[in-house]
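Worksheet: one structure, shown below.
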Amino acid sequence: QVALVESGGGLVQAGGSLRLSCTASGRTFSRYTMGWFRHTPGKEREFVAHIIWSGGSEYYADSVKGRYTISRDNGKNTVYLQMNNLRPEDTAVYYCAAAERTSYSDNYYTREYAYNYWGQGTQVTVSS
């Protein structure tokens, strides 16, 4: 069992930056692929980025590519999402998630069903 706790959300002006953190309980964090998703009311939850267990491979949604960076520190059981050049349309609740299964398909980890554990979410609001 893994418990995930996100932090770092808040209110920022367009063009600004935020860094989200997600800290996991348990000793097997380094075995999981970690993902970030976001949800806006009235829309489906949207994939943002994922990073494999070793940190050696990352994958991003087109909407955030070039602006967001996902990283992880397995020694601290933490995954990060650095968000730069934020836009009002980035406003959402951001969730981190952990996937137990290993897949060689980046597309697999863009799906919610790939993930076994979810955090409670952190609100990011970008004002124009």
Side-chain angles (χ1 to χ4, degrees):
Q1 192 74 12
V2 175
L4 303 173
V5 179
E6 301 99 334
S7 61
L11 174 63
V12 64
Q13 288 188 332
S17 299
L18 283 175
R19 188 176 81 155
L20 305 183
S21 300
C22 171
T23 301
S25 64
R27 294 177 290 178
T28 58
F29 174 78
S30 61
R31 293 165 47 186
Y32 298 118
T33 290
M34 299 298 296
W36 286 97
F37 287 73
R38 63 188 182 186
H39 181 247
T40 303
K43 297 184 179 180
E44 293 186 355
R45 190 152 52 181
E46 174 191 21
F47 167 78
V48 174
H50 72 69
I51 186 167
I52 65 170
W53 65 273
S54 65
S57 178
E58 307 152 26
Y59 189 79
Y60 299 91
D62 287 343
S63 58
V64 306
K65 200 174 296 182
R67 300 187 297 123
Y68 288 16
T69 302
I70 188 172
S71 62
R72 66 190 296 161
D73 183 338
N74 287 342
K76 295 182 178 180
N77 278 15
T78 300
V79 62
Y80 304 98
L81 187 68
Q82 177 67 43
M83 306 183 295
N84 297 328
N85 192 21
L86 284 160
R87 306 166 179 169
E89 54 263 39
D90 295 319
T91 295
V93 177
Y94 283 71
Y95 298 88
C96 72
E100 293 181 326
R101 179 184 171 187
T102 299
S103 171
Y104 294 104
S105 167
D106 284 326
N107 187 62
Y108 173 76
Y109 292 114
T110 69
R111 311 299 185 184
E112 290 186 55
Y113 60 69
Y115 297 86
N116 306 92
Y117 307 103
W118 293 82
Q120 83 289 349
T122 186
Q123 176 71 47
V124 171
T125 303
V126 185
S127 62
S128 57

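Just the heavy atoms: all of them, side chains too, but no hydrogens, waters or symmetry mates, feed the values below. What you are looking at is a predicted structure, and each value in this text was computed from that prediction instead of being measured.
Within 6.0 Å of atom CZ in R45, more than 12 heavy atoms from other residues, nucleotides or ligands are found, so the atom counts as buried in its surroundings. For W53, the CH2 atom is loosely surrounded, since the number of other residues' heavy atoms within 6.0 Å does not exceed 12.
Under the 3.5 Å distance criterion, the side-chain polar atoms of Y59 are left unmatched by any main-chain donor or acceptor of T110. Using a distance-only test at 3.5 Å, with no hydrogens or angles considered, a donor-acceptor pair links the side chain of E6 to the main chain of C96. Under the 3.5 Å distance criterion, the side-chain polar atoms of S105 are matched with a main-chain donor or acceptor of Y108. Remark: side-chain polar atoms of T91 are paired, donor with acceptor, to backbone N or O of V126 under 3.5 angstrom. For N77 (side chain) and A24 (main-chain N/O), a donor-acceptor pair under 3.5 Å exists by modelled atom type. At least one donor-acceptor pair closer than 3.5 Å links the side chain of R72 to the backbone N or O of I52.
Here the closest heavy-atom approach between residue Q123 and residue A92 is recorded as NE2-O, 3.4 Å. Heavy-atom minimum distance, L86 versus R67: CA-NH1, 3.9 Å. Scanning all heavy atoms of the two residues, the minimum distance from G9 to L20 falls at N-CD2, 3.5 Å. The minimum heavy-atom distance between A14 and P88, with the atom names listed, is CB-CD, 4.1 Å.
Between atom CD of residue E58 and atom OH of residue Y68 there is a gap of 15.0 Å, rounded to the nearest 0.5 Å. One finds the CZ atom of R19 at 11.5 Å from the OG1 atom of T69 (value rounded to the nearest 0.5 Å). With rounding to the nearest 0.5 Å, the separation of OG1 in T122 from CD in Q120 is 7.0 Å. The CG atom of D106 sits 5.0 Å away from the OG atom of S57 when rounded to the nearest 0.5 Å. To the nearest 0.5 Å, atoms CZ (R38) and OG (S63) are separated by 4.5 Å. To the nearest 0.5 Å, atoms OG1 (T40) and CD (E89) are separated by 10.0 Å.
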Original post:
Between V2 and F29, is a side-chain contact (heavy atoms from CB on, under 4.5 Å) present by the stated rule, with each step listed?
Top reply: CA-CA 8 Å; V2 175; F29 174 78; 5.9 Å; no
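Taking hydrophobic clusters as Ile, Leu, Val, Met, Phe, Trp and Tyr residues chained together by side-chain heavy-atom distances below 4.5 Å, V93 does not share a cluster with V12. Under a hydrophobic clustering in which Ile, Leu, Val, Met, Phe, Trp and Tyr are joined whenever their side-chain heavy atoms come within less than 4.5 Å, directly or via other members, L4 and Y95 fall into different clusters. Cluster annotation: Y109 is not connected to I51 through the hydrophobic network of ILVMFWY side chains, with a link wherever side-chain heavy atoms come within less than 4.5 Å.
For the residue pair S17 and N84, a side-chain donor N or O sits within less than 3.5 Å of a side-chain acceptor on the partner. Side chains of Q82 and Y80: no donor on one and acceptor on the other come within 3.5 Å.
Scanning for side-chain hydrogen bond (donor to acceptor under 3.5 Å, both in side chains) contacts around K43 gives an empty result, with sequence neighbours left out. For Y117, the ring-ring contact (aromatic ring centres under 6.0 Å, His included) criterion is met by no residue, not counting sequence neighbours. For N116, the side chain to side chain contact (heavy atoms under 4.5 Å, CB included) criterion is met by E100, not counting sequence neighbours.
Under 4.0 Å is where a charged nitrogen must lie from a carboxylate oxygen, and between D90 and R87 no such pair does.
With respect to Y115, the ring pair (Phe, Tyr, Trp, His ring centres under 6.0 Å) criterion is satisfied by exactly one of Y32, F47, F37, W36: F37.
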